[in-house]
Structure formats: C-alpha cells, structure tokens
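Beneath this line is the structure, given in structure tokens, with notes to follow.
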Amino acid sequence: MPAKSEFGRGFIINLMLLSRHFGLPPEKAFFGAADHLNDLIVPEEFRGTDIEELVVRLRKMVIWHQPGTMDKEDAADVRRLLNRLGIAIDAHLGIPNPDAGKYD
C-alpha cells in the first residue's frame, strides 16, 4: 500500500482540495494551494486534451503567484479556470451543456 498522501493524490480529489483554497478571501487563497498540485495526476484519457492544457495553466497560475501581489485578480482568474476545467470534464463525460452557473 502506498504511503498516505499529505496533501491529496489523484485528479478530482486534488481539484476539490485546491478549490477550497479559492473559496477563501483572496489574500488567504494561495497559501498552501500549490501543495495540492504535487500529486495531482491527469488521467490518461485526458492527456493531449483541453483538460490537460487547462491543468497545465492552473499549475502555472498557482505556482507562479506571488502572495500579496494581485491576490484578488489572480484568485478570480484561478476560480474561472477551475470552472472551465469542471465544465471541460463534464463535457468530456457526456454531460450536455455543462455550466458553472451565474454565481460562480
């Protein structure tokens, strides 16, 4: 049995853990968020798709963010990207017309 992950291992679970950070006030959102990217695994079926491209962008946005600088704007961008990722996953799974809703 593999060692228990400290910050999550997988795809959806890591996206869920990461999204919790971006429900916090922007000045707190980025602290520790990158830890959930360490063992975020893109499933084979998503390799070479828009989903993988969105994950790459998500990694860059979270890892390259400098806390205290543009927190509000960057956190909003990450939330929008997480919504786009969720919509892309739903579409891939065959959900017709997935939508993040008006009050994302």
Side-chain angles (χ1 to χ4, degrees):
M1 177 150 73
K4 189 161 178 73
S5 173
E6 195 169 358
F7 301 109
R9 179 176 22 268
F11 185 58
I12 298 299
I13 191 65
N14 285 65
L15 292 175
M16 289 173 42
L17 293 169
L18 186 62
S19 70
R20 288 183 190 169
H21 282 266
F22 294 94
L24 298 172
E27 63 276 5
K28 296 180 180 181
F30 286 93
F31 291 106
D35 293 335
H36 301 296
L37 297 172
N38 293 338
D39 288 324
L40 188 147
I41 301 162
V42 177
E44 196 63 41
E45 68 184 270
F46 297 145
R47 301 276 166 90
T49 69
D50 289 345
I51 294 169
E52 183 178 37
E53 182 180 317
L54 290 169
V55 170
V56 168
R57 288 182 53 204
L58 178 65
R59 285 182 195 275
K60 288 178 183 177
M61 289 176 81
V62 172
I63 291 170
W64 292 354
H65 175 76
Q66 298 295 315
T69 307
M70 294 184 57
D71 289 336
K72 187 174 183 178
E73 297 84 351
D74 287 353
D77 288 343
V78 170
R79 281 192 302 274
R80 281 191 289 275
L81 187 56
L82 284 165
N83 285 343
R84 287 186 59 202
L85 188 53
I87 289 169
I89 292 167
D90 276 351
H92 181 86
L93 294 173
I95 305 294
N97 302 315
D99 190 330
K102 182 176 178 181
Y103 298 104
D104 59 356

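All values below come from the heavy atoms of this structure, side chains included, with hydrogens, waters and symmetry mates left out. As the structure is a computational prediction, the values presented were derived from the model and not from experiment.
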If you count the non-hydrogen atoms of other residues, nucleotides and ligands that lie under 6.0 Å from CD in E73, is the total more than 12? yes
Report yes if some heavy atom in the side chain of V78 is under 4.5 Å from a heavy atom in the side chain of L58; otherwise report no. yes
About how many Å separate CD of E53 and CZ of R84, when rounded to the nearest 0.5 Å? 8.0 Å
Applying side-chain contact (heavy atoms from CB on, under 4.5 Å) to L81 and F22, what does each step give before you reach the verdict? CA-CA 11 Å; L81 187 56; F22 294 94; over 6 Å; no
Considering non-hydrogen atoms only, spot the tightest contact between D90 and P98 and give its length. CB-CB, 3.6 Å
Option from I63, T69, D74, L24 for which side chain to side chain contact (heavy atoms under 4.5 Å, CB included) with F30 holds: D74
Can V55 be reached from F46 by stepping across I, L, V, M, F, W or Y side chains whose heavy atoms are under 4.5 Å apart? yes
For the pair R47 (side chain) and V42 (backbone), establish whether a donor and an acceptor sit closer than 3.5 Å, ignoring hydrogens and angles. yes
Minimum heavy-atom distance between D39 and G8, given as atom pair plus value: CB-O, 3.2 Å
Out of curiosity, N14 CG to S5 OG, how far, rounded to the nearest 0.5 Å? 6.5 Å
How many angstroms lie between CD in E45 and CG in L93, if you round to the nearest 0.5 Å? 7.0 Å
Could you grab the distance from atom CG of D35 to atom CD of E6, nearest 0.5 Å is fine? 7.5 Å
What's the shortest heavy-atom distance between S19 and L82, and which atoms? CA-CD1, 3.9 Å
Test H36 against I13 for side-chain contact (heavy atoms from CB on, under 4.5 Å), laying out the working first. CA-CA 9 Å; H36 301 296; I13 191 65; over 6 Å; no
Which of these, T49, L15, L54, I95, sits in a side chain to side chain contact (heavy atoms under 4.5 Å, CB included) with I89? L15
side-chain contact (heavy atoms from CB on, under 4.5 Å), that's the test. Do L37 and L40 meet it? Break it down for me. CA-CA 5 Å; L37 297 172; L40 188 147; 4.1 Å; yes
Kindly work out whether a path of hydrophobic side-chain contacts (I/L/V/M/F/W/Y, heavy atoms less than 4.5 Å apart) joins L85 to M61. yes
Any idea which heavy atoms bring A75 and A29 closest together, and the distance? CB-CB, 4.4 Å
For the CZ atom on R59, are there more than 12 heavy atoms of other groups (residues, nucleotides or ligands in this structure) within a distance under 6.0 Å? yes
Within this structure, what is the CD-NZ distance for the pair E27 and K72, rounded to the nearest 0.5 Å? 10.0 Å
As an exercise, state the distance from CG of D77 to CE of M70, rounded to the nearest 0.5 Å. 7.5 Å
